[in-house]
Every structure is written in C-alpha cells, then in structure tokens.
Number of protein chains: 2
Amino acid sequence: MPDTHDCPGCAAPDLAFAAHDHAHCSHDALERAEALTAATGARLTPVRRRALEILLEEHKALGAYDVLARLAAEGFGNQPPVAYRALEFLVEQGLAHRIQRLNAFTACVHPGEDHAPAFLICRACHTVAEAEASGARQSLEAEAARAGFQVERTTIEALGLCPNCRGQA
Amino acid sequence: MPDTHDCPGCAAPDLAFAAHDHAHCSHDALERAEALTAATGARLTPVRRRALEILLEEHKALGAYDVLARLAAEGFGNQPPVAYRALEFLVEQGLAHRIQRLNAFTACVHPGEDHAPAFLICRACHTVAEAEASGARQSLEAEAARAGFQVERTTIEALGLCPNCRGQA
DNA sequence: TCTTGACCTGTTATGATATTACATACATAG
DNA sequence: CTATGTATGTAATATCATAACAGGTCAAGA
Ligand SMILES: [Zn+2]
Ligand SMILES: [Zn+2]
Ligand SMILES: [Zn+2]
Ligand SMILES: [Zn+2]
C-alpha cells in the first residue's frame, strides 16, 4: 500500500458537495476496500470490485439495474442476481450503503471507520452525500428507549437541495 | 363532533406498543381526519376514507397491494392506481406516512399535529410505532446546514425489537 | 490423488412494487 | 344545462427484487 493516507483531499468534510479531487477520493476508497477485505478474509472478486468502482465513479446512488447494465457491458452476467449479489456483498462489508428513499446504492466514503451515516440527497442534481448521523442516531435511540424499543438498524436520510443547486434556484 | 377529545387513551405516548383502547384510537384518528379534510376542503371520498380505515385497523404498515386487495374485495377498483392514488392522497394530507424501509404505508396517529415522525419498526411482530423525531431531525438539519444543504423532507426509521418481542427472545 | 464441501457466478423464471396513458363518471360553477 | 376540474376505473408497462437451480473454482482433508 503506497499511500499512507495523509493528504488534504481526504480531510474535507462533506466531500460530495464540495469541489474535491475525486480521482483521489475514489482511488483511496478502493484501496481501503482492498485492505479491509484482505484483513477480514472477505473476497473482493472481480464483479464485486468492479461494482464498487462503478459506484465510486460519482457521488450518486445507482439502482441495481444501472449497475447490472454496466457490469453486463463488461462481460459479466446480465441477470439481476449478478448485480444484487455484488451490491449485497458490498453493503455487508460496509463498502456501500443502500439509500432506501431511492431504492439505490452508493459507495461508502468512510469504509472501515464504523460510522453512523446519514444521507443528504439533492433532488435537483441527485448527488448523495454521506454525513455524520451520530447525533441524530442518539436522539432516535433515546426516543426508542423511552418506548422500550431496541434499535438494531437505522435509516436516516434527508431530501432537499445541495448548496450548488440552491444557488441556481 | 361529539368527542371533545379529552380521554386517557389518547394521552399515552408510544401507543403502538402499549396496550391501549385501539377502537378508540382508530375511531379518533378517523374523526380527526374528517375534521381536517373538511377544514381544508380536501375531499375524503369513499375509497380514500376506506383506505384510511384499513390502515387504521392495526399499527402496522401495509403495502399498496394489500390495501388494494381489501378495497377491491369491497367493490372498489382493483388496479394498482386505485390504491396508490388513495394512499398518495392520505400522505399528502398528513393522514398517513410512507415507511421507506418497507415500501409500505401506515396511518398517522397524530393527524393535524404538525409533527416530525420517526418510525420504530419491530422486525418480529411488524408493529410500526410513530415516535417523535424532533430531536433527531434537529441533529440532522444541523449536520446538513454545516454542508450548506437545505433539508426539505426526512426519513427517520429504526428497525429492531419492540418491548413485547424483546421479552420473548 | 481424489473427494468433499464451501463459496462464487451464471441462468431461468417469477414475484413485488410502481407508473403512464387513457377512458369514464361526477361534482359544481357559470 | 353545459363547461370545467377532479376523481375513479382500466389496461398496459416499467421498475425493483428474489427463488431455485446448474456449473465452476478452490482449498482442506481422506
Ligand atoms: Zn469524491
Ligand atoms: Zn444538487
Ligand atoms: Zn391504536
Ligand atoms: Zn414486536
């Protein structure tokens, strides 16, 4: 691993909406994915790796069938399970997230960091930013606890306008 | 409106998981729905009203096709748009909510109260409770604001075990 | 070496969720 | 009563997701 990961591009918060070196951003995420899977013994096979690369191309969410079309065009299988299985693997490994509101998937920008993600979805440019939801998650858990409810998984998403698209309205 | 709405059954928080007079609970919600729609001029037609009654039967989320089957059995149309349109109306009027995680709909238990709902979804008994999400929502908006993102709609849902089902595990 | 078993990939088929487009009915304002 | 907007009904289609099974790869263990 040549990159010791101490570069300015990675430090910026809320990367997705800000101008940033996305080539670095995505390359870095891929490298971390390789390191992580190597460490846990999970197998980042060619389809899975390629699916992740596709998700990493942009800070958007892609539907399973979008990913499938891309994979099929590159010689992988062209039936839905091919995409769903690769995406399921990525989600399980914490390398991608499912965006419930869009029935779609987006690459994780903090792989391996054990974070509570919230997603900010721009309804104009469809950019999806991964924000920190630990505060919201704590509030939600506190409220759930009052009802005796034990939280296992949370979905925290916001739909609205990103800073770039706000300016144009 | 005979009911002046000052009864113990309604005051309890987190109704869905607690034992409560659900006949009252649902009857009350329906009455409020009528008052609200009358006040705004929205038309709570027979299909729409019936769809709401169906959602109110239990504190669960029903898929559009479940609602459709019920409606069709009672003489309403049996094509998907019949259900989707009625549900869309209810959601627009704040009489029902969509549960993104389940691709399903649940009746609002606080119609007309302008609240920020979070949903607690039991993975065992499939009960869906509507909790207060104002804290979580504020955290989320604060985080979004740091990124310059303007929140318009939020999805805040938790999947886990309700107090009743926890006891049995 | 051969076999076994775990896992991955691929395919067919089907199921589940949701929308578009168009036709008909029905209210109410003019 | 007639025009207009709104609501309902239907057919057709689009989109999202899974079940079930077949074949391939690879490494552990007989
Ligand atoms: Zn980037
Ligand atoms: Zn935008
Ligand atoms: Zn109730
Ligand atoms: Zn339960």
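Labels below follow one simple rule: chain letters A, B, ... track the order of the sequence lines, proteins then strands, and each chain is numbered from 1. These numbers were taken from a predicted model, which means no experiment stands behind them. Basis for what follows: all heavy atoms, side chains included, without hydrogens, waters or symmetry-related copies.
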Asks: Is the ring pair A:H115/A:H97 parallel, tilted or perpendicular, if the boundaries are 30 and 60 degrees?
Replies: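 Correct class here is perpendicular.
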Asks: To the nearest Å, how far apart are A:E92 CD and C:dC7 P?
Replies: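 Atom-to-atom, A:E92 to C:dC7, this comes out as 12 Å.
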Asks: Spell out, as yes or no, whether a donor-acceptor pair under 3.5 Å connects the side chain of A:E132 to the backbone of A:S134.
Replies: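 Side chain of A:E132 to backbone of A:S134: a pair is present.
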Asks: Between C1' on C:dC8 and CD on A:E88, what's the gap in Å once rounded to a whole number?
Replies: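 Computing the A:E88:CD to C:dC8:C1' distance gives 12 Å.
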Asks: Could you state the CG-C1' distance from A:L87 to D:dC16, rounded to the nearest angstrom?
Replies: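 Checked: the CG to C1' distance equals 12 Å.
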Asks: Rounded to whole angstrom units, what separation is found between the CG atom of B:N103 and the P atom of D:dT18?
Replies: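 Spelled out: CG on B:N103 to P on D:dT18 is 10 Å.
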Asks: Protein within reach of the bases, or only the backbone? For nucleotides 7-15 of chain D, mark each nucleotide 5' to 3' as B, S or -, using heavy atoms under 4.0 Å.
Replies: SBBBB----
Asks: Check this for me: A:R166, atom CZ, are more than 12 non-hydrogen atoms of other residues, nucleotides or ligands nearer than 6.0 Å?
Replies: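 Yes, CZ of A:R166 has more than 12 neighbouring heavy atoms, counting only those of other groups under 6.0 Å.
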Asks: A:Q93 side chain to A:A42 main-chain N or O, any donor-acceptor pair under 3.5 Å?
Replies: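 No; zero donor-acceptor contacts below 3.5 Å.
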Asks: Please report the distance, rounded to the nearest Å, between OH in A:Y84 and C1' in C:dT14.
Replies: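 That distance rounds to 14 Å.
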Asks: CD of B:Q100 versus P of C:dT17: gap in Å, rounded?
Replies: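 My rounded result for the distance is 14 Å.
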Asks: May I ask whether A:V128 and A:L62 are part of the same hydrophobic cluster, defined by side-chain heavy atoms of I, L, V, M, F, W, Y residues being less than 4.5 angstrom apart, directly or through others?
Replies: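 No, because A:V128 and A:L62 fall into different hydrophobic clusters, even though each may have its own neighbours under 4.5 Å.
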